[in-house]
Amino acid sequence: MQFDTLMIARLRAARHVIVFTGAGVSQESGIPTFRDAMTGLWSNFNPEDLATVEAFTAHPDQVWGWYEWRRKAVMITQPNPAHQAIAAMAAHVPKLTVVTQNVDDLHERAGIQGVIHLHGSLHEPRCSDCGRQYELPAGVPDIEGDGMHVMPPRCNHCGGWVRPGVVWFGEPLPGDTWGQAKEAVRSCDLMFSIGTSAVIYPAAVMPFEAAERGACVIQVNPMPTDLDPVASFNLRGKAGEVMAAIFNAAWGPHER
Ligand code: OAD
């Protein structure tokens with residue numbers, strides 16, 4: 001894979017790199033994305049049927065079951081070469097911040113610390129009434145098939161339904177994480193936007209703002225997105241292949 005030498009030079013010279021990721025980064029770990037026409041999660045479901053407070057209130061078993069199915073899928077898979085190349089990069093640039101829309105923990109399991117999860121986490125459920133965190137039983141959830149109907153547990157303190165610790169449509173991003181992400185955008189000089197359709201706001205504003213502030217924006221995606229016209233470099237390809245090749249071009253082969 002050949003890259004523009006200017007792009008590699010800018011990466012090697014960058015002081016603060018943000019890696020902004022979406023579902024495409026976990027795709028090569030076998031986790032479906034949301035908007036791919038044939039295999040995306042939202043191609044089989046209407047998001048409003050599963051990813052809203054209203055859906056959870058009406059059908060807690062369906063919504064909890066769907067998220068438990070995803071949590072199981074994440075727990076039985078592994079970080080892929082994209083997660084590994086990003087983690088390896090963190091050792092070579094002065095500062096690297098991962099800001100993800102993903103609710104899995106694959107960046108952490110590849111070795112990144114302090115990941116900013118804009119849309120929350122599958123692994124940190126909380127009470128839908130009192131907001132207290134709920135400790136999930138250890139191990140992979142014991143659910144059959146697609147787990148479509150699993151009643152959520154009750155809160156140990158107030159008895160309310162426990163809900164997934166993710167951000168649903170219509171909910172604000174957690175203030176502290178969004179504040180940290182915006183702060184990072186103000187100080188970065190290079191941003192990767194990897195595996196995101198860049199259509200869900202406010203998260204999607206990040207690479208646009210970075211470009212506006214003069215940062216070098218490198219997009220990695222097999223498909224075009226709205227970000228194409230403003231990105232400094234558009235790299236068409238799978239995140240695992242492209243990120244491993246970029247790392248190699250900048251710093252040579254890395255240990256996996
Ligand atoms: P999408 O499903 O909208 O977009 C995934 C992107 O990844 C698409 O642009 C694909 O072309 C690209 N892609 C697919 N396979 C890839 C691969 N192997 N390597 C690189 N790119 C690949 O997912 P997101 O942009 O993450 O929000 O979606 C944003 C938010 O919308 C999600 O966090 C979720 C969803 O609704 C909530 O649930 C609140």
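What you see below is based on every heavy atom in this structure, not just the backbone, and it leaves out hydrogens, waters and symmetry mates. Residues take their numbers from the sequence shown, with the count starting at 1. Remember, it's 1-based here, ligands and their atoms both numbered in the order they're listed.
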TODO: Give a yes or no answer on whether the side chain of Asp189 reaches the backbone of His16 with a donor-acceptor pair at less than 3.5 Å.
DONE: yes
Task: Distance from atom 28 (O) of ligand 1 to nearest protein heavy atom, with residue and atom - done: Arg35 NH1, 3.2 Å
Open item on the list: Less than 6.0 angstrom from the centroid, inside 45 degrees of the normal: does Arg154 satisfy that with respect to the ring of Trp161?
Closed with: yes
Task: Protein residue, atom and distance nearest to atom 19 (N) of ligand 1, heavy-atom basis - done: Ala239 N, 2.9 Å
Open item on the list: Students should be able to answer this: which protein heavy-atom is nearest to atom 23 (O) of ligand 1, and at what distance?
Closed with: Ala23 CB, 3.5 Å
TODO: Measure the acute angle between the ring planes of His83 and His107, then classify it against the limits of 30° and 60° as parallel, tilted or perpendicular.
DONE: perpendicular
TODO: Report yes if some N/O of Lys238 lies less than 3.5 Å from some N/O of ligand 1; otherwise report no.
DONE: no
TODO: Assess Ala51 for proximity to ligand 1: is some non-hydrogen atom of it under 4.0 Å away?
DONE: no
- [ ] For atom 29 (C) of ligand 1, grab the closest protein heavy atom and report residue, atom and distance to one decimal in Å.
- [x] Gln101 OE1, 3.3 Å
Open item on the list: What protein heavy atom lies closest to atom 30 (C) of ligand 1? Include the residue and the distance to one decimal.
Closed with: Ile200 CG1, 3.7 Å
Task: Sub-4.0 Å atoms of ligand 1 with respect to non-hydrogen atoms of Gly22 - done: 26 (O)
Task: Check against side chain to side chain contact (heavy atoms under 4.5 Å, CB included), Arg126 and Tyr134 - done: CA-CA 5 Å; Arg126 64 176 187 274; Tyr134 179 83; 5.9 Å; no
TODO: Run the contact test for Trp168 against ligand 1 with a 4.0 Å cut-off on heavy atoms, strictly below, and give the result.
DONE: no
- [ ] Walk me through it: do Lys238 and Glu241 pass the test salt bridge (Lys or Arg N to Asp or Glu O under 4.0 Å)?
- [x] CA-CA 6 Å; Lys238 291 189 160 200; Glu241 291 163 17; 5.5 Å; no
TODO: Report yes or no: does Asn80 contribute a side-chain atom to a donor-acceptor pair with the main-chain N or O of Val25 at less than 3.5 Å?
DONE: yes
Task: Ring geometry between His92 and Phe247 (parallel below 30°, tilted from 30 to 60°, perpendicular above 60°) - done: perpendicular
TODO: Answer yes or no: does atom CG of Asp142 have more than 12 heavy-atom neighbours from other residues, nucleotides or ligands under 6.0 Å?
DONE: no
TODO: Would you indicate which of Leu50, Leu227, Asn221 comes nearest to atom 11 (O) of ligand 1 when only heavy atoms are counted?
DONE: Asn221
Task: Atoms of ligand 1, numbered as shown, that sit under 4.0 Å from any heavy atom of Glu28 - done: 17 (C), 18 (N), 19 (N)
- [ ] Taking only heavy atoms of Met223 into account, list the atoms of ligand 1 that are under 4.0 Å away from them.
- [x] 11 (O)
Task: Closest approach of any protein heavy atom to atom 18 (N) of ligand 1, naming residue and atom - done: Gln27 OE1, 2.7 Å
Task: Closest protein heavy atom to atom 14 (C) of ligand 1, given as residue, atom name and distance to 0.1 Å - done: Asp36 OD2, 3.8 Å
Open item on the list: Can a side-chain donor-acceptor contact be found between Ser29 and Gln78 if the only test is distance below 3.5 angstrom?
Closed with: no
Open item on the list: Checking the N or O distance criterion of under 3.5 Å, is ligand 1 in contact with Phe34?
Closed with: yes
TODO: For a side chain to side chain donor-acceptor pair (under 3.5 Å) with His117, tell me which candidate from His123, Gln101, Glu108 qualifies.
DONE: Glu108
Open item on the list: Among all protein heavy atoms in this structure, tell me which lies nearest to atom 37 (C) of ligand 1, with the distance rounded to 0.1 Å.
Closed with: His119 ND1, 4.0 Å
Open item on the list: So if I count the atoms of ligand 1 from 1 in the order they appear, which ones are less than 4.0 Å from some heavy atom of Val167?
Closed with: 39 (C)
- [ ] Would you confirm whether Thr77, through its side chain, and Val74, through its main-chain N or O, come within 3.5 Å as a donor-acceptor pair?
- [x] no
Open item on the list: For atom 6 (C) of ligand 1, which of the options Gly195, Ala82, Gly237 provides the nearest non-hydrogen atom?
Closed with: Gly195
